[in-house]
Amino acid sequence: MFQIEDIRQWRGRDVIDASGSKIGQLEAIYVDTLTDEPFFATVKVGLPTRQRLVFAPLDGATLGPEHLRLAYPKKHVRDAPSIDTDGELFAAAEPAVFSHYDIPYEAGPSERRLARR
């Protein structure tokens, strides 16, 4: 896994799927609050007048010369739960993000599992 310090400089770079299809642009990294390791990325998708941020796991992701390659297909990522480009992920919405990718969600009712870095 890459270090959070390294990936911050990738903001705005292309995000592609395993086959090389462009999904969007990297917006932010969310860390797992249990481990403080990078766990999800938000990817800016949509038309310039109607963009949103979708969540994509960093499990299996690799860094290329000018892109971040995800281990998930473009359609699956674009169908993921999203927020507005100036929005925030509320704690109540976290389980849906994990569920979309069949990742077990473990957090208490008043705890956060993801934190933006």
Side-chain angles (χ1 to χ4, degrees):
M1 178 59 65
F2 29 79
Q3 297 298 312
I4 191 72
E5 294 83 20
D6 297 337
I7 201 162
R8 280 188 183 160
Q9 66 186 335
W10 288 82
R11 186 173 185 212
R13 301 277 177 110
D14 287 344
V15 176
I16 61 175
D17 71 3
S19 69
S21 293
K22 183 177 176 183
I23 299 170
Q25 292 183 321
L26 181 64
E27 177 63 23
I29 299 299
Y30 283 73
V31 297
D32 184 336
T33 58
L34 300 175
T35 65
D36 205 36
E37 293 292 321
F39 203 68
F40 275 90
T42 51
V43 182
K44 189 184 295 186
V45 299
L47 301 172
T49 57
R50 196 175 156 139
Q51 293 182 326
R52 61 193 172 94
L53 301 176
V54 295
F55 288 83
L58 292 172
D59 182 37
T62 57
L63 292 172
E66 295 296 322
H67 62 267
L68 173 66
R69 182 183 303 266
L70 300 176
Y72 295 86
K74 177 180 181 175
K75 179 163 178 25
H76 194 67
V77 174
R78 285 187 167 245
D79 290 342
S82 64
I83 58 174
D84 291 335
T85 55
D86 60 350
E88 80 177 79
L89 177 65
F90 295 106
E94 286 184 358
V97 173
F98 282 73
S99 176
H100 181 77
Y101 294 101
D102 295 322
I103 300 171
Y105 182 78
E106 299 169 8
S110 62
E111 295 176 8
R112 302 288 313 241
R113 177 75 190 271
L114 296 174
R116 183 177 176 167
R117 294 283 192 258

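Along the sequence shown, residues carry numbers from 1.
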Any idea which heavy atoms bring P95 and A92 closest together, and the distance? CD-O, 3.5 Å
Relative to each other, are the rings of H100 and H76 parallel, tilted or perpendicular (30° and 60° limits)? parallel
Atom CZ of R69 and atom OG1 of T62: how far apart are they, to the nearest 0.5 Å? 6.0 Å
I need the minimum non-hydrogen distance between L89 and A93, along with the two atoms involved. CD1-CB, 3.8 Å
Heavy-atom closest pair, residues I23 and V45: O-CG1, 3.3 Å
If you take all heavy atoms of G60 and A71, which pair is closest and at what distance? O-CB, 3.9 Å
Closest heavy-atom pair, L70 versus P57, reported as atoms and distance to 0.1 Å, is CD2-O, 3.8 Å
I need the single residue from I16, D14, L58 that forms a side chain to side chain contact (heavy atoms under 4.5 Å, CB included) with L68. Which is it? L58
Hey, what do you get for CZ (R11) to OG1 (T42), rounding to the nearest 0.5 Å? 8.0 Å
Criterion side chain to side chain contact (heavy atoms under 4.5 Å, CB included) on R78 and V54, from CA distance to verdict: CA-CA 7 Å; R78 285 187 167 245; V54 295; 5.6 Å; no
Could you list the residues that satisfy ring-ring contact (aromatic ring centres under 6.0 Å, His included) with F98, not counting sequence neighbours? F39, F40, Y105
Quick check for you: to the nearest 0.5 Å, what is the distance between E94 atom CD and F55 atom CZ? 8.5 Å
Taking a hydrophobic cluster as the set of Ile, Leu, Val, Met, Phe, Trp and Tyr residues connected by side-chain heavy atoms closer than 4.5 Å, whether directly or through intermediates, do V77 and L63 fall within one such cluster? yes
Walk me through whether T85 and E27 qualify under side chain to side chain contact (heavy atoms under 4.5 Å, CB included). CA-CA 9 Å; T85 55; E27 177 63 23; over 6 Å; no
So does D32 pair up with R113, basic N to acidic O under 4.0 Å? yes
Measuring from R52:CZ to D84:CG, what's the distance to the nearest 0.5 Å? 10.5 Å
Within-4.5 Å side-chain heavy-atom neighbours: Q25 and R13: no
Is there a path of hydrophobic side-chain contacts, each under 4.5 Å between heavy atoms of I/L/V/M/F/W/Y residues, joining L114 to L34? no
From E88 CD over to R116 CZ, what is the distance, rounded to the nearest 0.5 angstrom? 10.0 Å
Quick one: closest heavy-atom pair of L26 and V15, and the distance? N-CG2, 3.5 Å
